[in-house]
Number of protein chains: 2
Amino acid sequence: MDEAKDSGLTRIQRRNREIILEGALTVFAVNGFRGTTIDQIAAECGLSKPNVLYYFPSKDEIHKTLLTKLLDMWLAPLENIEPEGEALQEVLDYVAAKLRMSREYPRESRLFAYEILRGAPHLTEILGGRLRNTVDDAVAVLRGWTEAGKLRNVDPHHLIFSIWSMTQHYADFEVQVRAVLGEGHDPFSEAEIFLEDMYRRLLTP
Amino acid sequence: MDEAKDSGLTRIQRRNREIILEGALTVFAVNGFRGTTIDQIAAECGLSKPNVLYYFPSKDEIHKTLLTKLLDMWLAPLENIEPEGEALQEVLDYVAAKLRMSREYPRESRLFAYEILRGAPHLTEILGGRLRNTVDDAVAVLRGWTEAGKLRNVDPHHLIFSIWSMTQHYADFEVQVRAVLGEGHDPFSEAEIFLEDMYRRLLTP
DNA sequence: GTCTATATGATGATAGAC
DNA sequence: GTCTATCATCATATAGAC
């Protein structure tokens, strides 16, 4: 998909588009879509404003491109759940993977949070389409495990919501988490232990 | 506090300030601070733009006023945890109260989420002050219960984070929740059952 | 491909009539 | 207290030189 969109571009074009997306992600993740100006993006990546708009037709387009690229990464762990695997461990692995993504890609998490908060105007088709399908598949797998007695019976949709909300919380609400915890804490490491314990307890039959 | 700030104002002044705050909350909750214009607020509450700015000196001030008022309501359930109460039930009641607030006051939840996401410039002192103190008190109560063998031993800070993130998720990410669930679901009612089960299972010694 | 300069429109805030 | 008119600023996007 990346290659498809970038095909026909020179090396410089590809490179500069990458630089712009990288800088834009940083700024969007802090200020949101409306709070971000092309000036800020240009400053962040060391290009001039018109030059940014030479590589992308508009601020909207930069934002949409970021969201589209983000979603591939975001949904991968859920798509990688292995129906033939050991049920509880598969879920715990998914939780851990999602938490790791929050830690390593907090900008992506915030970009996504901002977009959902404002009603997801740049994601409408995807939410009810690809995202929903992916979740439906995962829900079917979870139901199978439950019926086979490998997992305790809980609502699979809300199980997934709980994983999303708790893992992304540490990226999206980081300011609050750090303010409440004060110094001397590693939020993500503590969360890893807490969440593993929580889901093991919740899902063990 | 409300009365303190409103003292010395005429009935009309109080009334119009209320109307403005009410309309502003609706708009801020959808568009965020930067995404909201005074024009939108004025239109939402049926006043002219200069008239809005007659009652509040600036957009900033409207926003700060809303956040301050919101926090009283937001922290109340946590402050109301009763150390002498039955431990597990107190926690379950808190979860239920927080979920109810998400359902009944989704605008407040989103306003708060937007503010934290952008780094909470209008809440800096409060996060490390009043909020942190309130959480510290609750954590102490939870620790006491754990040591008395009334609750299973889990990290109390992260227990609170989990409650916040999961309950607020249904307000803040409502678009996503509805898109994923499709028709025929009542997200909040389902969440109530899921969360009660989850915390009962997690915290029963 | 990259820049300076600028057109065009939105937006926060104010002046001043009524 | 409320309005119309307006200012000043900022932001998106484009034109056109280099």
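Naming convention: chains lettered A, B, ... in sequence-line order (proteins, then strands); numbering from 1 in each chain. What's counted below: heavy atoms across the whole structure, side chains too, no hydrogens, waters or symmetry copies.
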* Would you mind classifying the nucleic acid contact of Leu53(A) as base, sugar-phosphate or nothing, using non-hydrogen atoms under 4.0 angstrom? =>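 The residue Leu53(A) makes base contact.
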* To do: For Tyr55(B), answer base if it contacts any base atom (sugar-phosphate contacts may also be present), sugar-phosphate if it contacts only those atoms, and nothing otherwise; contact means non-hydrogen atoms under 4.0 Å.
  =>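 Touches sugar-phosphate only.
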Could you state the atom-to-atom distance from [atom1] of [X] to [atom2] of [N] in whole Å?
X: His63(B); N: dA13(C); atom1: NE2; atom2: P; value: 13 Å
X: Ile41(B); N: dT11(C); atom1: CD1; atom2: P; value: 12 Å
X: Lys59(B); N: dG12(C); atom1: NZ; atom2: C1'; value: 8 Å

* **Which nucleotide in dA15(C), dA5(C), dA13(C) has an atom nearest any side-chain atom of Ile38(B)** =>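 Selected nucleotide (nearest to the side chain): dA13(C).
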* So, for Thr167(A) and Leu99(A), which heavy atoms are closest and what is the spacing to 0.1 Å? ->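 Heavy atoms only, the tightest pair is CG2-N, 3.8 Å.
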* Identify the heavy atoms of Tyr55(A) and Arg17(A) that sit nearest to each other, and give their distance. =>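 In terms of heavy atoms, the two residues are closest at O-NH1, 3.4 Å.
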* **Lys/Arg-Asp/Glu bridge criterion (N-O < 4.0 Å) met for Arg107(A), Glu22(A)** =>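 Counted as a salt bridge, because a side-chain N and a carboxylate O are separated by less than 4.0 Å.
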* Side-chain ion pair, Asp72(B) and Arg130(B), N-O less than 4.0 Å ->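 Yes.
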* Answer with yes or no whether the side chains of Ser109(A) and Tyr170(A) bring together a donor and an acceptor at under 3.5 Å. =>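 Side chains of Tyr170(A) and Ser109(A): no pair found under 3.5 Å.
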* Any luck finding a side-chain donor-acceptor pair between Thr146(B) and Asn153(B) under 3.5 Å? ->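 No, Asn153(B) and Thr146(B) have no side-chain donor paired with an acceptor closer than 3.5 Å.
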* Asked: Nucleotide range of DNA chain D contacted by chain A, 5' to 3', under 4.0 Å to a heavy atom?
  ->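 On DNA chain D, the outermost contacted nucleotides are dA11(D) to dT14(D).
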* Considering heavy-atom distances to DNA chain C, does Ser48(A) or Asp60(B) have its closest nucleotide positioned more toward the 5' end? ->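 Result of the comparison: Ser48(A).
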